[in-house]
Amino acid sequence: MIRADHELIAQGIRLESRVLDLGCGDGQLLAHLQRTRRATGYGIEIVPERVVAALRQGIQVLQVNLESGLSGFAAGSFDTVILSQTLQAMRNTEEILREMLRVGREGIVTFPNFGYWKHRWQVLNGMMPKSPDMPYEWYDTPNVHLCTLQDFEALCARMGVQVIERRVMNPAGRVVHTLPNLLGSLAYYRIRSAV
Amino acid sequence: MTTEDKETRSVGTVFPQVVRFAEPLTLASGVMLHDYQLVYETYGTLNAHKSNAILICHALSGSHHVAGHYAEDPRAVGWWDNMVGPGKPLDTERFFVVGVNNLGGCHGSTGPSSVNPATGRPYGSHFPFVTVEDWVKTQARLADHLGIDCFAAVMGGSLGGMQALQWSISYPHRLRHALVIAAAPSLSAQNIGFNEVARQAITTDPDFHGGDFYAHGVVPERGLRLARMLGHITYLSDDAMMAKFGRELLGGAPHFSLEVEFEIESYLRYQGKKFSERFDANTYLIMTKALDYFDPARQTGGNLAAALAGVTAQYLVLSFTTDWRFSPARSQEIVQGLLANRVPVSYAEIESNQGHDAFLMENHDYFSVMSAYLERVAQECAP
């Protein structure tokens, strides 16, 4: 069973692309891209159990700490660098976005939209939001930099990052066109450096 | 395999085999060996397509005896028995595993303690220096002898990992995977320094006799002991050593003597003694020199990526967090050289407090990674 955001990401990957998947988890996305897009490349993952799971998926995985950058990769060595539901758990947000667009010609970023109405509703009710995309308690969450669509786009503008494509989905996996920052739970951005 | 072997997941009783090569071999030093033999062991069954063979290269003090035990000496268990066996990460029910004692060794392959046919006496100081490239060349001849065109994988830890890396450079089409564990693309000056102290300990032992001690009926035991003691310190991490030995005084108070008072002293003396009784001093010198010389990037002006330009294997590179002899940073150099060539490579940095020795120890994360990777290798072997 392919996650809805994985399918969305796969649509943004051209055939036979070279792909780097940052925070590749159990490697399902990259395995999917290898099968359906004949993509090649690597996943990066820090958690030992996930590294093992990724190896079992048949992908190449590198156990490297993303927070220390991507210095092992030459500029422009990938067609697409993917940061799938990992941005919100990164400490050094700007650095990883810069690094993505250094080593890749394009970046794909997906993250849970903190501005989704159910999240806002929970905050209004006095509680930190929890949802399928953000299933953690406030005290044990790995998410340190949650943001809304507006927040992310403001950061892109400030960093000179160009948004090529934006898609927003609701929890049912359907694309949201109206009031995306309110009705969308998951954001997908295809980005590149604005020259 | 007996029922008991199955329960212990051991390959059971094994026996070494010897192959003699009469075809001359020109070594990297320019010296020609006219005739030599290699001793090896195999476990498991070579499949009809001969596609499931894995070569295991040994480190400084290892041998061809990788797994199982000998009928005449059940306590002589192979050095990587925890990794290799039925149902183990390197599953001998799926793979045909070859362990070989390197040229220059002292476990049955031609080495300094072997009789030189030209003189009728042990080679001793006349045994030529050998390099990692030379070893790989002789291992390829062994593969020819066994009818193996292409290994499913070549693997090893430490100096063994260097051989796996060299295999992928020397014979890119004769292996599908290289598993390079706790290795480095070359030794650091510090590493060469440790080796030199070990060599000096041996060569300055009065019983060394310039390497020709065999004729004198003696062994430079003191030198070998010191060399091994020093080695052991560098194979362990500070934390592991402290956890294992602590600094309790025997008897609780200082004796103000040079006798053994701390546990670590006792351990190092014991390890040194044991080693000096079984290992050849000249082999130790040759092996450490091979380590020092290893540097595939020498031919490419120090550019490792260029040295790896022709490789076609897939790689698993592993390092251990507290290994300071061949630190994770050195393994990462290998990974970066491979990434620059867009080669399929996976890398894991295993959490361990065991230092360099960790590659020989059972460790959940380590064995899980090995199992997962070797599962992939096994699936490709299916005829």
Side-chain angles (χ1 to χ4, degrees), chain A residues 16-31 33-35 37-81 99-100 102-105, chain B residues 89 153 176-181 185 303-306 308 311-321 328-352 358 363-380 382:
Chain A
E16 299 183 352
S17 285
R18 280 186 54 76
V19 174
L20 183 65
D21 184 5
L22 307 179
C24 69
D26 62 11
Q28 278 196 38
L29 171 61
L30 203 47
L33 297 178
Q34 282 180 1
R35 277 194 306 271
R37 290 289 181 273
R38 296 196 299 275
T40 56
Y42 311 94
I44 291 186
E45 181 54 60
I46 191 71
V47 179
E49 293 73 26
R50 295 183 193 154
V51 170
V52 172
L55 284 172
R56 291 203 181 278
Q57 287 281 346
I59 69 158
Q60 303 298 340
V61 58
L62 305 167
Q63 192 176 17
V64 175
N65 188 353
L66 279 183
E67 300 284 3
S68 44
L70 302 174
S71 57
F73 296 100
S77 47
F78 295 93
D79 296 308
T80 305
V81 180
E99 279 286 90
M100 280 179 82
R102 179 183 66 83
V103 305
R105 291 193 295 109
Chain B
R176 290 192 292 277
H177 294 268
L179 281 70
V180 181
I181 303 164
N303 184 341
L304 182 63
L308 294 168
V311 304
T312 55
Q314 299 186 42
Y315 293 79
L316 176 65
V317 179
L318 291 185
S319 68
F320 297 91
T321 49
R330 303 307 312 280
S331 283
Q332 286 168 17
E333 285 178 40
I334 297 173
V335 172
Q336 295 193 1
L338 295 167
L339 290 178
N341 286 292
R342 304 189 166 190
V343 171
V345 50
S346 287
Y347 169 70
E349 197 169 306
I350 309 292
E351 183 83 38
S352 162
N363 165 316
H364 176 264
D365 289 349
Y366 174 30
F367 278 37
S368 300
V369 166
M370 291 294 285
S371 295
Y373 195 87
L374 287 165
E375 172 67 35
R376 272 155 70 160
V377 179
Q379 281 175 8
E380 291 169 12

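Residue numbers start from 1 in every chain, and the chains themselves are labelled A, B, ... in the order their sequence lines are given, proteins ahead of strands.
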Residues of residues 366-377 of chain B within contact distance of chain A, non-hydrogen under 4.5 Å: B:Ser368, B:Val369, B:Ser371, B:Ala372, B:Tyr373, B:Glu375, B:Arg376
Minimum-distance pair of heavy atoms, taken over all atoms of B:Arg342 and A:Tyr42: C-OH, 3.6 Å
Note, A:Val51 side chain near B:Asp365 side chain (heavy atom, < 4.5 Å): no
Portion of A:Ile46 that has a non-hydrogen atom of chain B nearer than 4.5 angstrom: neither
Selection from B:Gln336, B:His364, B:Glu349 maximising heavy-atom pairs under 4.5 Å formed with chain A: B:Glu349
A:Arg102 atom CZ: more than 12 heavy-atom contacts under 6.0 Å: yes
Atom group of B:Ala340 that falls short of 4.5 Å from chain A, counting heavy atoms: neither
Least distance between heavy atoms, A:Leu55 atom then B:Ser346 atom: CD2-OG, 3.5 Å
Under 4.5 Å from a heavy atom of chain A, the part of B:Gln314 involved: side chain
With B:Tyr347 via ring pair (Phe, Tyr, Trp, His ring centres under 6.0 Å) - residues at least two apart: none
Which portion of B:Val317 sits near chain A, non-hydrogen atoms under 4.5 angstrom: neither
Contact leader toward chain A among B:Ala348, B:Pro328, B:Pro344, where contacts are heavy-atom pairs under 4.5 Å: B:Pro344
Selection from B:Val345, B:Ile350, B:Leu339 maximising heavy-atom pairs under 4.5 Å formed with chain A: B:Val345
